[in-house]
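Owing to the predicted nature of the structure, the values given are computational and were not obtained by experimental measurement. Every chain is numbered from 1, with letters handed out A, B, ... down the list of sequences.
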Number of protein chains: 2
Amino acid sequence: MKKEINPDTSSLKLTTARKAILEILHHSKHPLSYEDIKNSLLMDKATFYRNIAKFEEEGLIDSFESSDKKRYFELRKSPHAHFICKVCQKIECMNLPCTFEMEAYTIENVIIKGKCPHCR
Amino acid sequence: MKKEINPDTSSLKLTTARKAILEILHHSKHPLSYEDIKNSLLMDKATFYRNIAKFEEEGLIDSFESSDKKRYFELRKSPHAHFICKVCQKIECMNLPCTFEMEAYTIENVIIKGKCPHCR
DNA sequence: GACTTAATTGCGACTGAGTTGCACAAAATT
DNA sequence: AATTTTGTGCAACTCAGTCGCAATTAAGTC
């Protein structure tokens with residue numbers, strides 16, 4: 001029996017490096033940047049980025065850029081938006097109060113930038 | 001008489017370099033990346049980025065990252081969202097059909113990633 | 001378990017955006 | 001016209017992310 005990450009659509013092998021990345025993301029409450037985790041990563045950064053790319057292709061994770069110019073990664077959960085405060089740089093996951101109804105567009109990711117209640 | 005970009009709040013001088021950046025952004029229909037304009041820029045890239053930073057502080061321009069990992073710049077116009085297609089990488093400016101009502105948050109920028117009608 | 005092979009990894013070299021310190025230039029202020 | 005402030009060019013730097021390649025490993029087959 002093949003040990004695959006996503007048996008239906010994927011042909012990714014479940015390696016130690018991949019397990020480590022998914023573990024880290026799984027145990028975090030918020031999206032993480034490469035800088036956040038590079039010290040806990042035993043693998044080479046090329047391996048990290050190659051796997052991140054694969055995971056994104058497979059739809060396992062999402063990534064986006066914050067206003068601090070860093071890229072953040074998280075496991076793809078139920079669709080939700082991210083709010084990024086331009087002042088304190090904090091990233092919040094939000095349940096969007098309104099659902100977008102944009103015909104013909106598939107929405108995968110929403111990023112809202114502005115100022116959070118604390119920083120206004 | 002002082003020549004300033006925004007006499008009320010700013011102390012930025014309207015220099016040739018700054019005029020050039022604003023000109024280029026003003027004449028473009030869509031947000032531009034550094035790569036898009038570097039060949040038309042006569043100034044040093046340090047000057048470019050320092051001015052971009054000033055402009056952002058002053059609220060004259062906005063910038064955001066696309067899924068092609070490039071940073072895009074545009075003049076701040078009436079608030080509107082950007083849709084970025086993950087497949088063809090095209091960036092569209094959209095009039096959001098629903099207004100967000102997020103109390104205590106100030107929204108300055110909305111980025112929606114997904115697939116456009118062409119790429120679905 | 002040993003064998004095969006395609007996928008995965010580490011390494012080192014590289015790219016290119018963005019930053020920084022510094023000395024010089026251009027405005028603005030006195 | 002001298003002084004202070006602000007802006008610029010240059011060169012050196014940082015660091016995320018990529019690439020080619022040779023060595024390693026997971027998964028399937030016997």
Does a side-chain N-to-carboxylate-O contact under 4.0 Å join A/Lys86 and A/Asp68? no
Would you say D/dT8 has OP1 or OP2 under 4.0 Å from some side-chain N or O of B/Thr15? yes
What integer distance in Å separates B/Asn51:CG from C/dG18:P? 15 Å
Got a sec, which residues hit ring-ring contact (aromatic ring centres under 6.0 Å, His included) with A/Phe48, two or more places apart in sequence or on another chain? A/Tyr34, A/Phe73
Check the distance between C/dT9's C1' and A/Lys19's NZ and give it to me in whole angstrom. 15 Å
Test item: side-chain donor near acceptor, A/Ser33 and A/Asp36, under 3.5 Å: yes
Figure out the CD1/P separation between B/Ile52 and D/dG7, and round it to whole Å. 15 Å
Quick one: B/Glu58 CD to D/dG7 C1', roughly how many Å, whole number? 15 Å
State, to the nearest 10°, the angle formed by the axis through the first five base pairs of the helix from C/dG1-D/dC30 to C/dT30-D/dA1 and the axis through its last five. 40°
Look at the side chain of B/Arg50 against the base of C/dG18 and say whether a donor-acceptor pair falls under 3.5 Å; ignore hydrogens and angles. no
Are any of A/Thr47's side-chain N or O atoms less than 4.0 Å away from OP1 or OP2 of C/dG10? yes
Output the rounded distance in Å from OH (B/Tyr72) to P (C/dG18). 11 Å
Just how far, in rounded Å, is C1' of D/dT8 from CG of B/Leu14? 15 Å
Salt bridge check, A/Glu65 against A/Lys70: does any charged N sit closer than 4.0 Å to a carboxylate O? no
Salt bridge check, A/Arg71 against A/Glu56: does any charged N sit closer than 4.0 Å to a carboxylate O? yes
Side-chain donor-acceptor contact under 3.5 Å, A/His80 with A/Glu74: yes
Quickly work out the A/Met43 CE to C/dG12 C1' distance and round it to whole Å. 19 Å
Would you tabulate the pairs of protein nitrogen or oxygen atoms and nucleotide nitrogen or oxygen atoms of nucleotides 13-17 of chain D closer than 3.5 angstrom?
from   : atom 1 : to      : atom 2 : distance (Å)
D/dG17 : OP2    : A/Tyr49 : OH     : 2.3
D/dG17 : N7     : A/Lys45 : NZ     : 3.0
D/dG17 : O6     : A/Lys45 : NZ     : 2.9

Check every strand shown and say whether A/Ala17 touches a base, only sugar-phosphate, or nothing at a heavy-atom separation below 4.0 Å. sugar-phosphate
Report the nucleotide, chosen from C/dT8, D/dG7, D/dG9, that has the shortest atom-to-atom distance to any side-chain atom of B/Asp44. D/dG9
For B/Glu23, enumerate each residue passing the salt bridge (Lys or Arg N to Asp or Glu O under 4.0 Å) test, keeping only those at least two apart in sequence or located in another chain. none
With sequence neighbours left out, write down each residue that passes side-chain hydrogen bond (donor to acceptor under 3.5 Å, both in side chains) with B/Asn109, or none if nothing qualifies. none
Could you tell me how far apart A/Leu41 (CG) and C/dG10 (P) are, to the nearest whole angstrom? 10 Å
Shortest side-chain distance from A/Lys13, nucleotide among D/dC19, D/dT25, D/dT8: D/dT25
For B/Ile111, what are the other residues in its hydrophobic cluster, where any two members join if their side-chain heavy atoms are less than 4.5 angstrom apart? A/Phe64, A/Tyr72, A/Ile84, A/Ile91, A/Ile111, B/Phe64, B/Tyr72, B/Ile84, B/Ile91
